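Structure, as structure tokens:
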Amino acid sequence: MRSRSSSGFRDIHLFRYNPKKGYIYILARDDLEVIVTSSGEWRFIDESEI
């Protein structure tokens with residue numbers, strides 16, 4: 001039986017730091033994009049925001 005906990009992890013396809021705006025952009029799959037700010041807050045984003 002497979003562990004269900006391992007199914008929550010995704011490969012990171014792109015990881016980019018923007019020093020001018022101070023955030024990290026992570027693309028984990030075609031429809032999962034996240035921005036992490038310098039304060040540690042994160043949120044899912046729309047492609048139009050980048």
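Everything quoted here is computed from the prediction, not taken from an experiment.
Taking OH of Tyr23 as the reference point, atom CD of Glu41 lies at 15.5 Å (rounded to 0.5 Å). Between the NE2 atom in His13 and the CG atom in Leu32 there is a gap of 9.0 Å [rounded to 0.5 Å]. Annotation: the span from Ile35 atom CD1 to Trp42 atom CH2 amounts to 12.5 Å, rounded to 0.5 Å. Rounding to the nearest 0.5 Å places CZ of Phe15 at 12.5 Å from CG of Leu27.
Residues Glu33 and Phe44 have side chains not in contact (no heavy-atom distance under 4.5 Å, counting atoms from C-beta outward).
Residues Ile45 and Val34 approach most closely at CG1-N, 4.3 Å, considering heavy atoms.
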